[in-house]
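One structure is given below, represented as structure tokens, and several questions about it will come after.
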Amino acid sequence: MRASELLAPTLREIPAEAEIASHQLLLRAGFIRKAAAGIYTYLPLGRRVLAKLERIIREEMDRAGGQEVVLPIIQPAELWQESGRWEVYGEEMFRLRDRHQRQFCLGPTHEEIITALVRSEVNSYKQLPLLLYQIQNKYRDERRPRFGLLRGREFIMKDLYSFDRDQEGLDRSYAKMYQAYSNVFRRCGLDFRPVQADTGAIGGNYSHEFMALASTGEALLVYCQECDYAANVEIAAARALPKPVAETPQLLQEVATPGQKTVAEVSAFLGITPDRLIKTVFYEADGQLVAVLIRGDRELNEVKLQNYLGCRHLTLAEPEKVTAATGAPVGYVGPVGLQGVPVYADAEIPYLVNAVAGANREGYHLAGVNPGRDFKADAYADLRQVEAGEPCPRCGAPLSQARGIEVGQVFQLGTKYSRALGATYTDEQGREHPIVMGCYGIGVSRTMAAVVEQHHDEHGIIWPLSVAPFEVVIIPASLKDDAQREAAEGIYAELLAAGVEVVFDDRDERAGMKFVEADLIGYPLRLTIGKKTLVQGTVDVKWRHEGQELALPREGLVPRVKAMLAREMEKYR
RNA sequence: CGGGAUGUAGCUCAGUUUGGCUAGAGCACCUGCUUUGGGAGCAGGGGGUCGCAGGUUCAAAUCCUGUCAUCCCGACCA
């Protein structure tokens, strides 16, 4: 490709809308342009990176036994009504009507449509297991799209669905995909970690997320330095139980705490540490008010709470409802004497001795609160968020914390969709069973952004060779110099003939500008031809990810470059 | 959806408080000359319904009302 013909419009300045490195650099280097909030156009360079990612994904999916299909983006409402998700998905689904007023949606995911296909085409155990996948646009009308490609409303996803006759079959499919995903992300050059994950609204019972480690990631995860335990904090189990306090239980006593409402205020006012407080938080779980108790220095984990309660919707209760239930405003509520509201306490709560909690009376707290004696919770459970440094639930070594970008997730769905949609098979005895399903997603466009988050410097992107839009860029220092132009043209022709993906920067621009742009775009390998190198019979060769520039002989250059590329590519196998 | 902010040239922004000349700058773009190993210099040039719609006024980028869009924080979420 000649740079003079390549549409790669670079921006000198950082677009005001972009906050994080991947968004800024993909815009500046001319890979993407925004069409609307959360909706992007991929320019030629961006399209080439996507193609590289997709190729790696296809190879790994095919190797694991997957078969590629293309499912429709526009899906009929009936299927979603059958599964019950037409209502559940709510505002996040893009909906539309055709000219006959029939309802459709733009597919936010494809479980329904693939299950419908399989129920009509698969009837026998002889047809199982089956792994079907596609690489397709997905549509989710996010309330708040952000961070460029990391959270869009239209995005590219690889989704594979596995169909097995039983749980053992699903376990095998799941293991295959887990391995395939590890291969994909390793080949993309990502520093990633699979973590145990919540199964969320999609349902199912077992799941891992593949996290690309990045400080800009939206997900928080913990992992063990000693063993291979790693989990999203949403579900990471808290195992640390506090040491018993050797203190004599005292009498319950009301203390005036005028104007002191938060944990920080109350603990400072009373001169105690926050871990002596009981925080009482009210939620509405599918419309029912519940009280949750947690130690003052801890954070409640809403995912754990929701999973424990088994409710569909969980929201913080309105302050008015809290007051109606307790007789006191938020900030002064507590478990002692609380009536008519189920109370769920974190597992640490029973270890507290002489704690402080709200008195259910404005301006007052209770001291000397002793769980069990002064109140009884309806249930105790692990409801708090795990923190860095706590012991690993598996081996006890300290946990570390990191942020990650969720680039993939694997789920065991079970029979949720096959039952809802009637996808069954007949076994050897002629009995009918629901097909056991799994689903496995990779955010392709998000992966592109994640790679940039991990591979960039102050000058621009540093693409891993495996996903770079081109492998090599050729920069002649001056095109006006016929000798340089001819030398560059010759190398370009040879590289093309050798099957190297190469851009020849044949634009009549200053060399400095070409270097700056090449660094911004992130071509892995750069060949520079100048006056000096011509005299020496050499070409300057430089990896984008290294500082050192090498002067290699012009003679035998192309085979040498091919060998360098092959060696570099070994990193991504 | 709640809170905050911003919409002026392709991009980054000034001008809006206190209404008043032909609406500005830098970058980008076009032409010419010079330059040519890290986003060149000089000269000339093109490009703007000031998001949109109403309103107030002799006069609106500027004030008022509505509306749309975009971004940030939060809530929510495969």
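Protein chains get the first letters and strands the later ones, always in sequence-line order, with residue 1 at the start of each.
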- Sequence neighbours excluded, which residues qualify as salt bridge (charged side-chain N to carboxylate O under 4.0 Å, His left out) partners of E54(A)?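 E54(A): salt bridge (charged side-chain N to carboxylate O under 4.0 Å, His left out) contacts with R47(A), R58(A).
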- Message: Say we look at A61(B) and U8(B): how far apart would their P atoms be, to the nearest angstrom?
- Response: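 Comparing P positions in A61(B) and U8(B) gives a spacing of 15 Å.
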- Message: I need the residues from residues 139-147 of chain A with at least one non-hydrogen atom less than 4.0 Å from RNA chain B; give them sorted by number, or say none.
- Response: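 Contacting residues: R140(A), R143(A), R144(A), R146(A).
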- When we call it a touch if two heavy atoms are under 4.0 Å apart, what does Q409(A) touch: a base, just sugar-phosphate, or nothing?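 If one applies the 4.0 Å heavy-atom cut-off, Q409(A) turns out to touch a base.
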List every contact pair, protein side and nucleotides 68-70 of chain B side both N or O, where the distance is under 3.5 Å.
unit_1 : atom_1 : unit_2 : atom_2 : d
U70(B) : OP1    : A37(A) : N      : 2.8
U70(B) : O3'    : K34(A) : NZ     : 3.0

- Message: Say we look at C27(B) and G44(B): how far apart would their P atoms be, to the nearest angstrom?
- Response: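 One P to the other, the span is 14 Å.
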- Query: If we call it a pair only when both distances are under 3.5 Å in a Watson-Crick or G-U wobble match, what pairs with C71(B)?
  - Reply: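 Pairing partner: G4(B).
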- Query: Taking only residues two or more places apart in sequence or in another chain, which ones pass side-chain hydrogen bond (donor to acceptor under 3.5 Å, both in side chains) with E486(A)?
  - Reply: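 So E486(A) forms no side-chain hydrogen bond (donor to acceptor under 3.5 Å, both in side chains) with any residue.
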- How would you list, by chain and number, every residue that makes a salt bridge (charged side-chain N to carboxylate O under 4.0 Å, His left out) with D297(A), sequence neighbours excluded?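 For D297(A), the residues satisfying salt bridge (charged side-chain N to carboxylate O under 4.0 Å, His left out) (neighbours in sequence not counted) are R295(A).
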- Item | Contacts of L11(A) that satisfy side chain to side chain contact (heavy atoms under 4.5 Å, CB included) - sequence neighbours left out |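 Listed in chain order: P15(A), R28(A), R33(A).
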- Message: Determine whether a donor-acceptor pair (N or O, by modelled atom type, separation under 3.5 Å) exists between the side chain of S162(A) and the backbone of G438(A).
- Response: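 Here the side-chain-to-backbone pair exists.
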- ring pair (Phe, Tyr, Trp, His ring centres under 6.0 Å) partners for Y492(A), two or more places apart: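 By the ring pair (Phe, Tyr, Trp, His ring centres under 6.0 Å) rule, Y492(A) matches F504(A).
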- Among all residues two or more places apart in sequence or in another chain, which pass the ring pair (Phe, Tyr, Trp, His ring centres under 6.0 Å) test with H110(A)?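 Once residues adjacent in sequence are excluded, H110(A) has no partner under the ring pair (Phe, Tyr, Trp, His ring centres under 6.0 Å) criterion.
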- Taking for each residue the nucleotide of RNA chain B with the nearest heavy atom, is it E19(A) or I14(A) whose nucleotide lies nearer the 5' end?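 Here I14(A) is the residue nearer the 5' end.
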- Answer with yes or no whether E92(A) presents, from its side chain, a donor or acceptor under 3.5 Å of a partner atom in the base of A78(B).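 Per atom types, no contact qualifies.
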- Paired with U12(B): which nucleotide, if any, by Watson-Crick or G-U wobble criteria at under 3.5 Å for both distances?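 Across any shown strand, U12(B) pairs with A25(B).
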- Query: Which value, in whole Å, describes the distance between the P atoms of nucleotides G45(B) and G37(B)?
  - Reply: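 Those two atoms are separated by 31 Å.
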- Base paired to A43(B) (Watson-Crick or G-U; both N/O distances under 3.5 angstrom):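 Here A43(B) is engaged in a pair, and the nucleotide opposite it is U31(B).
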- Output all residues satisfying ring pair (Phe, Tyr, Trp, His ring centres under 6.0 Å) with H459(A), sequence neighbours left out; order by chain, then residue number.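 Ring pair (Phe, Tyr, Trp, His ring centres under 6.0 Å) check on H459(A) returns nothing, list empty.
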- Message: Let's test this: given Watson-Crick or G-U wobble pairing with both distances under 3.5 Å, identify the partner of U57(B).
- Response: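 WC or wobble partner does not exist here.
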- Query: At under 4.0 Å between heavy atoms, what does P15(A) touch on the DNA or RNA strands: base, sugar-phosphate, or nothing?
  - Reply: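 P15(A): backbone/sugar contact only, no base atoms under 4.0 Å.
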- Using the C1' atom as the reference point in each nucleotide, state the distance between C63(B) and U17(B) in Å, no decimals.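 C63(B) and U17(B) have their C1' atoms separated by 12 Å.
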- List for me each residue that meets ring pair (Phe, Tyr, Trp, His ring centres under 6.0 Å) alongside F31(A), sequence neighbours excluded, and say none if there are none.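 Scan of F31(A) (ring pair (Phe, Tyr, Trp, His ring centres under 6.0 Å), adjacent residues dropped) gives W463(A).
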- Indicate for each nucleotide in nucleotides 32-41 of chain B, in 5' to 3' sequence, whether protein heavy atoms under 4.0 Å reach the base (B), only the sugar-phosphate (S), or nothing (-). ---BBBBBB-
- Side chains of E234(A) and N301(A): do they bring a donor and an acceptor to under 3.5 Å?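 The answer is no; no qualifying pair exists.
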Under 3.5 Å, which donor-acceptor pairs do the side chains of residues 515-523 of chain A form with other protein atoms, sequence neighbours left out?
unit_1  : atom_1 : unit_2  : atom_2 : d
E517(A) : OE1    : R507(A) : NH1    : 3.1
E517(A) : OE1    : R507(A) : NH2    : 3.0
E517(A) : OE2    : T10(A)  : OG1    : 2.8

